[in-house]
Amino acid sequence: MTTAPKEDVVVLLLEQHEQIKGLIQQVESAAGEARRQPFEELVRLLVVHEAAEEEVVHPVSRRAAVADAVVDHRLAEEGEAKQMLVDLYDMGVRHEEFGQRFHSFALAVVEHAEMEEKEEFEQLRQRLSEDDRARLATAVRVAEAVAPTRPHTQAGESMVGNIVAGPPLALFDRIRDALRDWRRKTEG
């Protein structure tokens with residue numbers, strides 16, 4: 001009996017970073033209303049990805065002796081990005097300043113991802129066993145499953161804030177997402 005290969009948290013997060021970069025390119029190459037779908041997909045992926053990092057990955061990084069300053073800087077960047085994402089979401093893809101603001105946001109997100117990969121993920125790969133990285137991947141998947149799908153700055157960037165506020169916000173977001181999708185299908 002063969003067992004399925006274990007999922008590695010570093011590989012999982014790197015794959016998500018590539019998906020994020022691809023969605024950024026789709027948003028930047030589109031105009032007006034055509035930006036809506038890739039932007040909404042990007043918002044959802046970023047929000048669940050960052051929530052899982054804040055709840056699971058960053059605390060493990062600290063325990064794995066990744067420098068506190070590195071983790072603190074990534075958390076600060078995530079807080080800034082979350083606020084920028086809220087502003088973009090509220091602004092809407094048709095707003096005349098959306099393209100310019102989105103471009104600034106995109107540059108910050110890509111730089112953040114590259115710094116995580118270099119300063120944090122590589123250390124996790126070196127300091128955690130294969131089994132630990134597999135367990136961490138499972139924990140990330142669980143955290144993503146109960147994470148909100150929209151940015152909520154009031155939840156903060158902490159593990160505790162996400163654990164306490166995340167599930168109720170996630171439920172509310174998923175209901176709103178379902179209603180939005182239903183409206184689009186019935187109107188279009």
Side-chain angles (χ1 to χ4, degrees), residues 3-24 38 40-86 105-106 108-174 177:
T3 59
K6 295 178 182 177
E7 187 170 35
D8 184 301
V9 71
V10 174
V11 172
L12 170 63
L13 296 171
L14 291 172
E15 288 171 352
Q16 289 180 350
H17 282 184
E18 289 306 309
Q19 290 173 332
I20 289 165
K21 290 173 188 175
L23 288 167
I24 286 171
E40 287 176 354
E41 288 178 36
L42 176 64
V43 167
R44 185 182 191 296
L45 178 57
L46 276 172
V47 170
V48 299
H49 173 84
E50 293 304 333
E53 284 184 345
E54 292 164 7
E55 289 176 31
V56 178
V57 178
H58 297 320
V60 169
S61 292
R62 287 188 199 277
R63 288 193 298 276
V66 173
D68 283 341
V70 168
V71 176
D72 291 343
H73 198 67
R74 297 297 81 79
L75 287 167
E77 291 168 351
E78 289 166 6
E80 292 170 13
K82 195 179 293 184
Q83 185 57 57
M84 292 171 74
L85 195 56
V86 166
F105 168 76
V109 167
V110 170
E111 181 180 357
H112 168 79
E114 290 170 353
M115 295 306 291
E116 274 184 335
E117 293 166 12
K118 178 179 154 188
E119 295 181 344
E120 192 171 0
F121 297 171
E122 191 53 39
Q123 290 187 51
L124 289 175
R125 189 186 310 260
Q126 294 171 6
R127 295 178 181 175
L128 298 179
S129 70
E130 182 180 331
D131 287 341
D132 287 341
R133 291 192 315 271
R135 282 190 287 276
L136 194 55
T138 300
V140 164
R141 292 281 190 199
V142 169
E144 289 176 340
V146 297
T149 61
R150 295 189 173 146
H152 297 280
T153 56
Q154 66 273 22
E157 292 83 46
S158 73
M159 176 182 67
V160 173
N162 280 316
I163 289 172
V164 171
L169 291 171
L171 178 61
F172 181 69
D173 287 351
R174 290 166 201 269
D177 293 346

field: Partner residues of Glu18 under the salt bridge (charged side-chain N to carboxylate O under 4.0 Å, His left out) criterion, sequence neighbours left out
entry: Lys21
- line: So CZ of Phe121 and NE2 of His17: to nearest 0.5 Å the spacing works out to 4.0 Å
query: Are Arg125 and Glu122 close enough, and set up right, to give a side-chain contact (heavy atoms from CB on, under 4.5 Å), and what steps lead you there?
result: CA-CA 5 Å; Arg125 189 186 310 260; Glu122 191 53 39; 3.7 Å; yes
- line: In this structure, CD of Glu77 is separated from CD of Glu50 (nearest 0.5 Å) by 9.5 Å
message: Under a 3.5 Å cutoff, is there a donor and acceptor pairing between the side chains of Glu53 and Gln16?
response: no
field: Listed partners of His112 passing ring-ring contact (aromatic ring centres under 6.0 Å, His included), at least two apart
entry: none
field: Results of side chain to side chain donor-acceptor pair (under 3.5 Å) for Glu130 - residues two or more places apart only
entry: none
statement: Those residues at least two apart in sequence (or on a different chain) that pass salt bridge (charged side-chain N to carboxylate O under 4.0 Å, His left out) with Lys118 are none
statement: Applying side chain to side chain donor-acceptor pair (under 3.5 Å) to Asp72 and not counting sequence neighbours gives Arg62
- line: In Val109, Leu42, Val43, the residue satisfying side chain to side chain contact (heavy atoms under 4.5 Å, CB included) with Leu85 is Val43
query: Which of these passes salt bridge (charged side-chain N to carboxylate O under 4.0 Å, His left out) with Arg74: Glu119, Glu117, Glu54?
result: Glu119
- prompt: When rounded to the nearest 0.5 angstrom, what is the spacing between CG in Leu13 and CG in Leu136?
  reply: 7.5 Å
field: Rounded distance (nearest 0.5 Å) linking atom CZ of Arg44 with atom CG of Leu23
entry: 12.0 Å
- prompt: How far does CZ of Arg133 sit from CG of Leu124, to the nearest 0.5 angstrom?
  reply: 9.0 Å
- request: For side-chain contact (heavy atoms from CB on, under 4.5 Å), just list the numbers for His49 and Glu78, CA-CA rounded to whole Å, side-chain angles, deciding distance to a tenth of an Å, and then say yes or no.
  value: CA-CA 11 Å; His49 173 84; Glu78 289 166 6; over 6 Å; no
- prompt: Nearest 0.5 Å, what's the CD-CD1 distance between Glu15 and Ile20?
  reply: 12.0 Å
message: Run the ring-ring contact (aromatic ring centres under 6.0 Å, His included) test against His58 and tell me which residues pass, sequence neighbours left out.
response: none
